[in-house]
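Report on the following structure.
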Amino acid sequence: MLIAAHCPKPRALALAALLACAASGASAHPHVWVTAKAQLVYEGGKLVGVRDTWSFDPEYTAYVTQGLDTNKDGTLSPDELAGLAAENTANLAEFGYFTKLKVGGKEQAFADPREPAARMEDKALVMTFLLPLKTPVLQGRGVAALEVYDPTYFVAFSFADGPEAATLAGAPQGCAATVTRPKTEQPKTAEAGSSGMTEAFFEALTAASSYGVQFASRVLVACP
(Lines give C-alpha, C1' and ligand atoms only; values in the text may rest on other atoms or scores of the structure.)
Protein backbone atom coordinates (compact mmCIF):
# COMPACT_ATOMS: atom_id res chain seq x y z
CA MET A 1 0.00 0.00 0.00
CA LEU A 2 1.59 3.25 -1.13
CA ILE A 3 0.66 6.58 0.39
CA ALA A 4 1.68 9.92 -1.09
CA ALA A 5 3.85 12.25 0.96
CA HIS A 6 1.08 14.80 1.51
CA CYS A 7 -1.23 12.27 3.16
CA PRO A 8 -1.63 12.25 6.96
CA LYS A 9 1.18 10.85 9.10
CA PRO A 10 0.65 7.26 10.30
CA ARG A 11 -0.48 7.90 13.87
CA ALA A 12 -3.12 10.35 12.59
CA LEU A 13 -4.16 8.12 9.69
CA ALA A 14 -7.64 6.61 9.83
CA LEU A 15 -9.29 4.62 7.08
CA ALA A 16 -11.30 7.62 5.88
CA ALA A 17 -8.13 9.70 5.53
CA LEU A 18 -6.54 6.88 3.59
CA LEU A 19 -9.51 6.79 1.23
CA ALA A 20 -9.15 10.52 0.63
CA CYS A 21 -5.59 9.86 -0.51
CA ALA A 22 -6.56 7.06 -2.88
CA ALA A 23 -5.97 9.05 -6.06
CA SER A 24 -2.38 9.81 -5.09
CA GLY A 25 -1.45 6.25 -4.12
CA ALA A 26 -0.50 3.22 -6.17
CA SER A 27 -2.37 2.59 -9.41
CA ALA A 28 -3.72 -0.84 -8.50
CA HIS A 29 -6.90 -1.60 -6.56
CA PRO A 30 -7.87 -2.64 -3.96
CA HIS A 31 -5.43 -1.32 -1.36
CA VAL A 32 -6.92 -2.55 1.91
CA TRP A 33 -8.41 -5.97 2.66
CA VAL A 34 -11.01 -6.53 5.36
CA THR A 35 -12.49 -9.77 6.64
CA ALA A 36 -15.93 -8.88 7.95
CA LYS A 37 -18.42 -10.29 10.41
CA ALA A 38 -21.88 -8.86 11.01
CA GLN A 39 -24.40 -9.25 13.80
CA LEU A 40 -27.97 -8.07 13.36
CA VAL A 41 -29.32 -6.87 16.69
CA TYR A 42 -32.99 -7.16 17.70
CA GLU A 43 -34.89 -5.83 20.70
CA GLY A 44 -38.55 -6.46 21.48
CA GLY A 45 -39.03 -8.20 18.15
CA LYS A 46 -37.68 -5.23 16.15
CA LEU A 47 -34.42 -4.95 14.25
CA VAL A 48 -32.51 -2.14 15.96
CA GLY A 49 -28.99 -2.19 14.54
CA VAL A 50 -25.99 -3.88 12.97
CA ARG A 51 -22.74 -4.62 14.73
CA ASP A 52 -19.83 -4.65 12.28
CA THR A 53 -16.56 -6.42 13.06
CA TRP A 54 -13.71 -5.83 10.63
CA SER A 55 -10.32 -7.53 10.62
CA PHE A 56 -7.73 -5.59 8.58
CA ASP A 57 -4.86 -6.99 6.57
CA PRO A 58 -1.39 -7.01 8.21
CA GLU A 59 0.01 -4.26 5.95
CA TYR A 60 -2.72 -1.75 6.76
CA THR A 61 -2.55 -2.81 10.42
CA ALA A 62 1.19 -2.21 10.64
CA TYR A 63 0.94 1.19 8.94
CA VAL A 64 -2.01 2.61 10.83
CA THR A 65 -0.85 1.48 14.30
CA GLN A 66 2.62 3.04 14.13
CA GLY A 67 3.33 5.08 17.24
CA LEU A 68 0.27 3.86 19.16
CA ASP A 69 2.21 1.68 21.64
CA THR A 70 2.42 4.53 24.11
CA ASN A 71 3.74 2.48 27.05
CA LYS A 72 6.39 0.83 24.85
CA ASP A 73 5.60 -2.68 26.08
CA GLY A 74 5.58 -4.21 22.59
CA THR A 75 1.83 -4.82 22.51
CA LEU A 76 -1.18 -2.74 21.56
CA SER A 77 -3.94 -2.73 24.15
CA PRO A 78 -7.59 -1.85 23.50
CA ASP A 79 -7.01 1.39 25.44
CA GLU A 80 -4.13 2.36 23.13
CA LEU A 81 -6.30 1.60 20.10
CA ALA A 82 -9.42 3.36 21.40
CA GLY A 83 -8.66 6.69 19.70
CA LEU A 84 -8.03 5.03 16.35
CA ALA A 85 -11.29 3.07 16.63
CA ALA A 86 -13.30 6.19 17.45
CA GLU A 87 -11.69 8.18 14.62
CA ASN A 88 -12.11 5.43 12.05
CA THR A 89 -15.74 4.88 12.97
CA ALA A 90 -16.79 8.53 13.08
CA ASN A 91 -15.04 9.48 9.85
CA LEU A 92 -16.67 6.69 7.86
CA ALA A 93 -20.05 8.45 8.00
CA GLU A 94 -19.50 10.02 4.57
CA PHE A 95 -19.01 6.53 3.16
CA GLY A 96 -22.16 5.16 4.80
CA TYR A 97 -19.93 2.93 6.94
CA PHE A 98 -19.74 0.66 3.85
CA THR A 99 -22.87 -0.97 5.27
CA LYS A 100 -26.26 -1.20 3.54
CA LEU A 101 -29.34 -2.76 5.08
CA LYS A 102 -32.72 -3.34 3.49
CA VAL A 103 -35.77 -4.79 5.21
CA GLY A 104 -38.59 -5.91 2.97
CA GLY A 105 -36.80 -4.19 0.09
CA LYS A 106 -36.66 -0.79 1.84
CA GLU A 107 -33.27 0.70 2.66
CA GLN A 108 -32.79 1.56 6.33
CA ALA A 109 -31.03 4.67 7.65
CA PHE A 110 -28.42 4.47 10.39
CA ALA A 111 -27.95 6.81 13.33
CA ASP A 112 -24.50 7.76 14.64
CA PRO A 113 -22.35 4.73 15.46
CA ARG A 114 -21.85 3.57 19.02
CA GLU A 115 -19.40 1.46 20.99
CA PRO A 116 -16.33 1.79 18.76
CA ALA A 117 -13.53 -0.47 19.92
CA ALA A 118 -10.40 -2.10 18.55
CA ARG A 119 -8.07 -4.93 19.51
CA MET A 120 -5.22 -6.91 18.04
CA GLU A 121 -5.61 -10.54 17.00
CA ASP A 122 -2.22 -11.90 15.94
CA LYS A 123 -1.03 -9.26 13.43
CA ALA A 124 -4.49 -8.00 12.49
CA LEU A 125 -6.27 -4.90 13.73
CA VAL A 126 -9.86 -5.82 14.57
CA MET A 127 -12.37 -2.97 14.83
CA THR A 128 -15.97 -3.21 15.98
CA PHE A 129 -18.83 -0.73 16.17
CA LEU A 130 -22.60 -0.73 16.45
CA LEU A 131 -24.73 1.01 13.81
CA PRO A 132 -28.17 1.67 15.35
CA LEU A 133 -31.12 2.17 13.02
CA LYS A 134 -32.65 5.63 13.17
CA THR A 135 -36.01 3.89 13.37
CA PRO A 136 -36.19 0.30 14.64
CA VAL A 137 -38.16 -1.84 12.22
CA LEU A 138 -40.45 -4.79 12.71
CA GLN A 139 -39.14 -7.31 10.22
CA GLY A 140 -42.05 -9.74 10.39
CA ARG A 141 -41.84 -12.21 7.53
CA GLY A 142 -39.91 -9.80 5.35
CA VAL A 143 -36.28 -10.52 4.51
CA ALA A 144 -33.50 -8.39 5.94
CA ALA A 145 -30.62 -8.06 3.47
CA LEU A 146 -27.24 -6.71 4.57
CA GLU A 147 -24.27 -5.83 2.35
CA VAL A 148 -20.83 -4.62 3.39
CA TYR A 149 -18.70 -3.27 0.53
CA ASP A 150 -16.81 -0.25 -0.81
CA PRO A 151 -18.39 1.08 -4.05
CA THR A 152 -15.00 2.45 -5.14
CA TYR A 153 -13.23 -0.84 -4.39
CA PHE A 154 -10.36 0.87 -2.58
CA VAL A 155 -11.21 -1.47 0.30
CA ALA A 156 -11.98 -5.11 -0.46
CA PHE A 157 -14.46 -6.62 1.99
CA SER A 158 -15.10 -10.34 2.27
CA PHE A 159 -17.11 -12.16 4.91
CA ALA A 160 -15.36 -14.60 7.22
CA ASP A 161 -15.85 -18.31 6.79
CA GLY A 162 -18.03 -20.30 9.16
CA PRO A 163 -21.12 -19.54 11.23
CA GLU A 164 -19.56 -16.50 12.96
CA ALA A 165 -19.70 -14.54 9.69
CA ALA A 166 -23.34 -13.64 10.29
CA THR A 167 -25.08 -13.88 13.65
CA LEU A 168 -28.26 -12.66 15.30
CA ALA A 169 -28.71 -11.16 18.76
CA GLY A 170 -32.14 -11.11 20.40
CA ALA A 171 -33.91 -12.14 17.19
CA PRO A 172 -37.42 -13.64 17.25
CA GLN A 173 -37.48 -17.40 17.49
CA GLY A 174 -36.96 -19.15 14.19
CA CYS A 175 -35.07 -16.35 12.43
CA ALA A 176 -31.98 -17.52 10.58
CA ALA A 177 -29.08 -15.80 8.81
CA THR A 178 -27.33 -17.06 5.70
CA VAL A 179 -24.40 -15.64 3.75
CA THR A 180 -24.40 -15.56 -0.05
CA ARG A 181 -21.02 -14.92 -1.63
CA PRO A 182 -20.24 -13.12 -4.90
CA LYS A 183 -19.69 -15.01 -8.12
CA THR A 184 -16.83 -12.65 -8.98
CA GLU A 185 -13.74 -13.64 -7.02
CA GLN A 186 -11.77 -10.83 -5.41
CA PRO A 187 -8.04 -10.54 -6.13
CA LYS A 188 -5.64 -11.34 -3.32
CA THR A 189 -3.16 -8.57 -4.14
CA ALA A 190 -3.36 -4.99 -5.37
CA GLU A 191 -1.47 -5.88 -8.54
CA ALA A 192 -4.05 -8.52 -9.45
CA GLY A 193 -6.85 -6.07 -8.79
CA SER A 194 -5.75 -3.65 -11.49
CA SER A 195 -6.35 -5.97 -14.44
CA GLY A 196 -7.49 -3.87 -17.37
CA MET A 197 -8.50 -0.89 -15.19
CA THR A 198 -6.70 2.44 -15.23
CA GLU A 199 -6.23 4.71 -12.24
CA ALA A 200 -8.46 7.25 -13.97
CA PHE A 201 -11.27 4.70 -13.88
CA PHE A 202 -10.96 4.26 -10.12
CA GLU A 203 -10.54 8.00 -9.50
CA ALA A 204 -13.91 8.56 -11.17
CA LEU A 205 -15.70 6.18 -8.79
CA THR A 206 -17.75 7.69 -5.97
CA ALA A 207 -19.88 6.41 -3.10
CA ALA A 208 -22.76 6.30 -5.59
CA SER A 209 -20.85 3.96 -7.91
CA SER A 210 -21.82 0.33 -8.37
CA TYR A 211 -18.42 -1.13 -9.25
CA GLY A 212 -17.67 -2.60 -5.83
CA VAL A 213 -21.05 -4.28 -5.41
CA GLN A 214 -20.02 -7.13 -7.73
CA PHE A 215 -17.64 -8.27 -5.00
CA ALA A 216 -20.15 -7.92 -2.14
CA SER A 217 -21.26 -10.78 0.04
CA ARG A 218 -24.80 -10.57 1.42
CA VAL A 219 -26.34 -11.59 4.70
CA LEU A 220 -29.97 -12.60 4.35
CA VAL A 221 -32.15 -12.98 7.44
CA ALA A 222 -35.52 -14.66 7.17
CA CYS A 223 -38.04 -15.05 9.96
CA PRO A 224 -41.09 -17.35 10.09
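Owing to the predicted nature of the structure, the values given are computational and were not obtained by experimental measurement.
- Residues satisfying the side chain to side chain donor-acceptor pair (under 3.5 Å) criterion with Glu164, sequence neighbours excluded, are Lys37.
- Annotation: the span from Leu76 atom CG to Leu81 atom CG amounts to 5.0 Å, rounded to 0.5 Å.
- The hydrophobic clustering, which links ILVMFWY residues whose side-chain heavy atoms are closer than 4.5 Å, places Leu101 and Val48 apart.
- Pairs engaging residues 131-144 under the side chain to side chain donor-acceptor pair (under 3.5 Å) rule: Tyr42-Gln139 [sequence neighbours left out].
- Inter-residue side-chain proximity for Asn71 and Glu80 is flagged as met; some heavy-atom pair is nearer than 4.5 Å.
- Smallest separation of non-hydrogen atoms from Gln108 and Lys106: NE2-O, 2.9 Å.
- Identified under the ring-ring contact (aromatic ring centres under 6.0 Å, His included) test for residues 99-126, with sequence neighbours left out: none.
- Of the inter-residue distances, the one linking Thr35 atom OG1 with Trp54 atom CH2 reads 12.5 Å to the nearest 0.5 angstrom.
- The side-chain contact (heavy atoms from CB on, under 4.5 Å) check on Thr180 picks up Arg218, Leu220, with sequence neighbours excluded.
- Not counting sequence neighbours, the partners of Leu138 by the side-chain contact (heavy atoms from CB on, under 4.5 Å) test are Lys46.
- Inter-residue side-chain proximity for Val103 and Leu133 is flagged as unmet; no heavy-atom pair is nearer than 4.5 Å.
- In summary, of the residues considered (Tyr149, Phe154, Tyr153, Phe157), a ring pair (Phe, Tyr, Trp, His ring centres under 6.0 Å) with Phe98 occurs for Phe157 alone.
- In this structure Thr99 satisfies the side chain to side chain donor-acceptor pair (under 3.5 Å) test together with Asp52, sequence neighbours excluded.
- With hydrophobic clusters built from ILVMFWY side chains whose heavy atoms lie under 4.5 angstrom apart, Val219 does not share a cluster with Val41.
- Nearest heavy atom pair, residue Leu92 against residue Asn88, reads CG-O, 3.1 Å.
- Contact of the Phe95 side chain with the Asp150 side chain is not registered, since no non-hydrogen atoms from C-beta on lie closer than 4.5 Å.
- At a threshold of 4.5 Å between side-chain heavy atoms, the hydrophobic network of Ile, Leu, Val, Met, Phe, Trp and Tyr places Leu40 and Val137 in one connected group.
- Linking ILVMFWY residues whenever their side-chain heavy atoms come closer than 4.5 Å, directly or via other members, places Val179 and Val148 in the same cluster.
- Residues satisfying the salt bridge (charged side-chain N to carboxylate O under 4.0 Å, His left out) criterion with Glu107, sequence neighbours excluded, are absent altogether.
- Between the Glu147 side chain and the Ala145 main chain, no donor and acceptor come within less than 3.5 Å of each other.
- A ring-ring contact (aromatic ring centres under 6.0 Å, His included) check over residues 66-91, counting only residues at least two apart or in different chains, returns nothing.
- To the nearest 0.5 Å, the span separating CZ on Phe56 from CH2 on Trp33 amounts to 13.5 Å.
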Just list the side-chain donor-acceptor pairs under 3.5 Å for residues 114-131, sequence neighbours left out, or say none.
from   : atom 1 : to     : atom 2 : distance (Å)
Glu115 : OE1    : Arg51  : NH1    : 2.9
Glu115 : OE1    : Arg51  : NH2    : 3.1
Arg119 : NE     : Glu121 : OE2    : 2.8
Arg119 : NH2    : Glu121 : OE2    : 2.9

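- Residue pairs meeting the disulfide bond (SG atoms under 2.5 Å apart) criterion with at least one member in residues 83-181, sequence neighbours excluded: Cys175-Cys223.
- For residues 82-115, the set of pairs meeting the disulfide bond (SG atoms under 2.5 Å apart) definition, not counting sequence neighbours, is empty.
- The salt bridge (charged side-chain N to carboxylate O under 4.0 Å, His left out) analysis of residues 60-79, with sequence neighbours excluded, yields no pairs.
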